[in-house]
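First comes the structure, then the notes that go with it.
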Amino acid sequence: MTDQSSSLRVAMIGHAFMGNAHSQAWRTAPHFFALPRHPEMTVVVGRDADRAAEAAARLGWAESSTDWRAVVARDDIDVVDICTPGDTHAEIAIAALEAGKHVLCEKPLANTVAEAEAMTAAADQARARGVRAMVGFTYRRVPAIGLARRLVDEGRIGEIRHVRAQYLQDWIADPEAPLSWRLDKEKAGSGALGDIGAHVVDLTQYITGTRITELTGRLETFVKERPYAAGDTSGSLGGGGTTTERGPVTVDDAASFLATFAGGAMGVFEATRFATGRKNAIRIEVNGSLGSLAFDFEDMNVLEYFDAREDADVAGFRRIIATEATHPYVAAWWPPGHGLGYEHGFTHQVVDLVTAIADGTDPSPSFADGLNVQRVLDAVETSSLTRTWQEISHLD
Ligand code: SOE
């Protein structure tokens with residue numbers, strides 16, 4: 001059972017879509033996993049006092065506040081969980097790390113490489129004092145993805161030749177879908193590229209165990225102005241009423257790029273919010289000299305595996321339902337075949353963060369991993385502007 005004696009007092013900054021997902025993770029993790037320390041949902045921070053108080057009551061936080069600086073400085077806070085738009089990640093994370101708080105920061109790590117570098121430097125300094133930092137790429141924590149990583153590590157698909165990755169959504173395919181912070185470069189840093197492209201960059205590097213070393217890409221904004229939203233759309237992916245006034249879309253609607261991985265594998269990437277009919281389709285296929293792996297988040301409990309060494313007359317992609325107790329995290333949940341959902345990746349993220357803090361180890365993905373993804377995103381933007389191939393420098 002979870003160690004109730006040693007608590008870990010958590011402050012969450014932001015309570016929209018990601019705040020909801022993180023809150024369910026802090027609530028459920030100690031009830032399904034034997035954690036070495038007990039998370040306490042101490043305070044949630046929002047910009048509006050009434051809405052923050054309502055979120056605290058609805059999501060299970062003991063208190064609410066509108067002053068993140070005061071909360072980060074509190075002696076009775078051990079962890080700061082950042083669930084705000086990207087333009088505030090650096091300021092909050094650096095303040096929290098300098099105050100000796102462990103930090104979990106939503107993806108992408110920052111809106112620029114410079115911010116991500118400053119955050120990584122702060123995390124490196126804090127590590128020397130036993131303070132930990134993690135960036136929230138939760139899809140790594142889907143059991144089928146963990147299985148894919150294991151099969152690659154075991155050499156089951158041999159030398160990797162191709163990495164094909166798509167993240168397909170369609171929530172703003174309607175040109176009259178209103179503006180929201182995700183469509184504002186000042187707030188979000190980029191559009192589909194950073195919001196969902198970041199996920200497939202992290203996922204493919206995680207599964208293959210290699211980094212992207214060069215790329216050439218293109219960004220496109222199909223709809224260049226939209227109506228302003230009538231209500232608050234911070235927690236939603238578009239939708240809601242609109243006003244008659246219209247404003248500019250200042251981010252990309254879609255990104256596509258070709259990449260080379262260390263070791264020579266060829267990568268093909270797409271991230272778009274205009275794949276009409278695709279709601280949250282993360283599709284990854286890795287082709288190797290001895291076999292292939294394929295995953296689609298819209299069928300997230302399944303990993304497809306092709307073993308090229310099978311007799312040709314019975315060879316084919318097998319559908320592995322990754323819900324056995326031997327698959328990552330599954331033993332804590334349900335019997336085989338019952339399946340997990342989007343929210344479980346967030347719970348697994350909390351489990352791994354709390355365990356790393358208790359063990360005095362560095363959680364993964366680290367801020368340095370987040371900085372690497374930021375460098376890939378930046379390279380795509382530069383490539384799109386200059387129509388040139390871009391190399392990506394790595395920390396390691
Ligand atoms: C919107 O595209 C979004 O909410 C992303 O911001 C999340 O990171 C992803 O998990 C679901 O889609």
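In each ligand, atom 1 is the first atom listed, and ligand 1 is the first ligand listed.
- Every atom of ligand 1 is numbered from 1 in the order shown, and the set under 4.0 Å from a heavy atom of I196 is 2 (O).
- Atom OG1 of T323 and atom CG of L340 lie 8.0 Å apart (nearest 0.5 Å).
- Below 30°, between 30° and 60°, or above 60°: for F33 and Y329 the angle between ring planes is above 60°, a perpendicular geometry.
- The distance between the ring centers of Y305 and F317 does not fall below 6.0 angstrom.
- Heavy-atom proximity to F17, at under 4.0 Å, picks out these atoms of ligand 1: 4 (O).
- By the criterion of a heavy-atom distance under 4.0 Å, neither the backbone nor the side chain of E106 is placed next to ligand 1.
- Note on ligand 1: F137 sits outside its first shell, no heavy atom being nearer than 4.0 Å.
- Between E176 and R246 a salt bridge is recorded (basic side-chain N to carboxylate O distance below 4.0 Å).
- In the displayed structure, I320 atom CD1 is contacted under 6.0 Å by more than 12 heavy atoms of other residues, nucleotides or ligands.
- In this structure, K107 counts as a contact residue of ligand 1, since one of its heavy atoms falls inside 4.0 Å of the ligand.
- Ligand 1 has R182 within reach: a non-hydrogen atom of the residue lies less than 4.0 Å from it.
- Nearest-heavy-atom check against atom 9 (C) of ligand 1 across W171, Y139, F297 picks out Y139.
- Residue-ligand proximity, H199 to ligand 1, at heavy-atom distances under 4.0 Å covers atoms 7 (C), 8 (O), 9 (C), 10 (O).
- Short contacts between ligand 1 and Y342, defined as distances under 4.0 Å to a heavy atom of the residue, involve ligand atoms 9 (C), 10 (O), 11 (C).
- For D67, the CG atom is densely surrounded, since the number of other residues' heavy atoms within 6.0 Å is greater than 12.
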